[in-house]
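Heads up, the thing below is written out as structure tokens.
Quick note: numbers below take in every heavy atom, side chains included, and nothing from hydrogens, waters or symmetry partners. The chain is numbered in sequence order, starting from 1. Counting starts at 1 for both ligands and their atoms, following the listed order.
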Amino acid sequence: MIDYENLGLLNKPFFEEFKTAFAETLEGGWYILGNKVKEFETAYAQYHGSKHCVGLANGLDALTLSLRAFNFAPGDEVIVPSNTYIATILSIAQCGLKPVLVEPDIHTYNIDPEKIEAAITPRTKAIMVVHLYGKSCEMDKITAIKEKHQLVLIEDCAQSHAASFKGQLTGTFGEFGAFSFYPTKNLGALGDAGAVLCNDDTLATAMRRLRNYGSDVKYYNEVVGVNSRLDEVQAAFLLVKFKYLAQITQHKRQLAAIYQEGLKSDFIKPVVHPDYFDVYHIYNIRHERRDALKKYLLDNGVKTDIHYPLPPHQQKAMEGIIDGNSYPISEEIHRTTLSLPCSYCHTKEDIAQVVKVINNF
Ligand SMILES: *Cc1c(COP(=O)(O)O)cnc(C)c1O
């Protein structure tokens, strides 16, 4: 059986270094906002050429606090793609803001820049883009719209560590780049973790305050904050894993290349274009008979996943939060998409085997 993902196997090459990192943290005796968090923030900011990185508890908080930092008024609107993971939309809802959904491009699965301007109203304050599956959005067109309409730009980079557009890393285009280090992400911790990147000193200060009870000086609270600190021990693990991000990325790209070359044209494959450096957080294909294909693969020893089975606007929890419109392109993607094994834990032989099985469908 070929697993879709196997976190124990994925992390195995790093076990010894993780053990050392854990022992250092344990013996160091400082478990919240210590040197490991600082070290990781510095390294992650530096890698991106960003002025600041602020470590947070998870990716959802990275998105939510990015919005909170601007003190938008309740009911202000945030433009967001109609096909994304629910967390993106939840961050907007949590701030009392209104998500305004814009359809994706059917080929890239990312927000269609040509459709953004039609969704802008006098209440629009921000665009929250999602670099889905590890492919950057079309950031030249999106930053032009942001500039023209003077909107805040927040990037959901939970699936796009090390991905870039025209040579620029995702997370560096907007006021905030919001990252998740959930264990399955391309840069994954051993528990929940997240961070934001930003270049503005005032915004960075606001973020540090928000994550730590709204406080700059212990026991003096400036704003209503939350507890969303990156754990010291997770930062220690992330420092280990970060050294191997390029290697992890390269491996996933090699596996994706095997699919791209080997899969028959019956399956709609991800588009590849020289402007985009894709990191394949998820390697998806699309097929009319997706559910039958999924079952066939399972019967033949290949586990797969679906990202995602139900679009946000059809989720029960979103009643009254998202308008009642239909989003046919998003629905089409959700109906036909299938995620194939493409993890650091897989070998090239595993993927060649999947190709063989799937081509016989
Ligand atoms: C994983 C993910 C998140 C949320 O990250 P958590 O760390 O689980 O809170 C947000 N957006 C997208 C697109 C994701 O894939």
N or O contacts of ligand 1 with protein under 3.5 Å, please list pair by pair.
{"from": "ligand 1", "atom 1": "5 (O)", "to": "Ser180", "atom 2": "OG", "distance (Å)": "3.2"}
{"from": "ligand 1", "atom 1": "7 (O)", "to": "Gly59", "atom 2": "N", "distance (Å)": "2.8"}
{"from": "ligand 1", "atom 1": "7 (O)", "to": "Ser180", "atom 2": "OG", "distance (Å)": "2.7"}
{"from": "ligand 1", "atom 1": "9 (O)", "to": "Gly59", "atom 2": "N", "distance (Å)": "3.3"}
{"from": "ligand 1", "atom 1": "9 (O)", "to": "Leu60", "atom 2": "N", "distance (Å)": "2.9"}
{"from": "ligand 1", "atom 1": "11 (N)", "to": "Asp156", "atom 2": "OD1", "distance (Å)": "3.3"}
{"from": "ligand 1", "atom 1": "11 (N)", "to": "Asp156", "atom 2": "OD2", "distance (Å)": "2.7"}
{"from": "ligand 1", "atom 1": "15 (O)", "to": "Gln159", "atom 2": "NE2", "distance (Å)": "2.9"}
{"from": "ligand 1", "atom 1": "15 (O)", "to": "Lys185", "atom 2": "NZ", "distance (Å)": "2.7"}

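Side-chain N/O atoms of Glu5 and Ser343 include a donor and acceptor closer than 3.5 Å.
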Considering only distance and modelled atom types, tabulate donor-acceptor pairs under 3.5 Å from the side chains of residues 353-361, sequence neighbours left out.
{"from": "Asn359", "atom 1": "OD1", "to": "Lys264", "atom 2": "N", "distance (Å)": "2.9"}
{"from": "Asn359", "atom 1": "ND2", "to": "Gly262", "atom 2": "O", "distance (Å)": "2.9"}
{"from": "Asn360", "atom 1": "ND2", "to": "Lys356", "atom 2": "O", "distance (Å)": "3.3"}

Give every donor-acceptor pair under 3.5 Å between a side-chain atom in residues 310-320 and any protein atom, sequence neighbours left out.
{"from": "His313", "atom 1": "NE2", "to": "Glu331", "atom 2": "OE2", "distance (Å)": "2.7"}
{"from": "Gln315", "atom 1": "NE2", "to": "Leu310", "atom 2": "O", "distance (Å)": "3.0"}

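When ring centroids are compared, Phe181 and Tyr44 come within the 6.0 Å threshold.
Residues satisfying the side chain to side chain donor-acceptor pair (under 3.5 Å) criterion with Asn186, sequence neighbours excluded, are His281.
A cation-pi contact, defined as under 6.0 Å to the ring centre and within 45° of the axis, links Lys135 to Tyr276.
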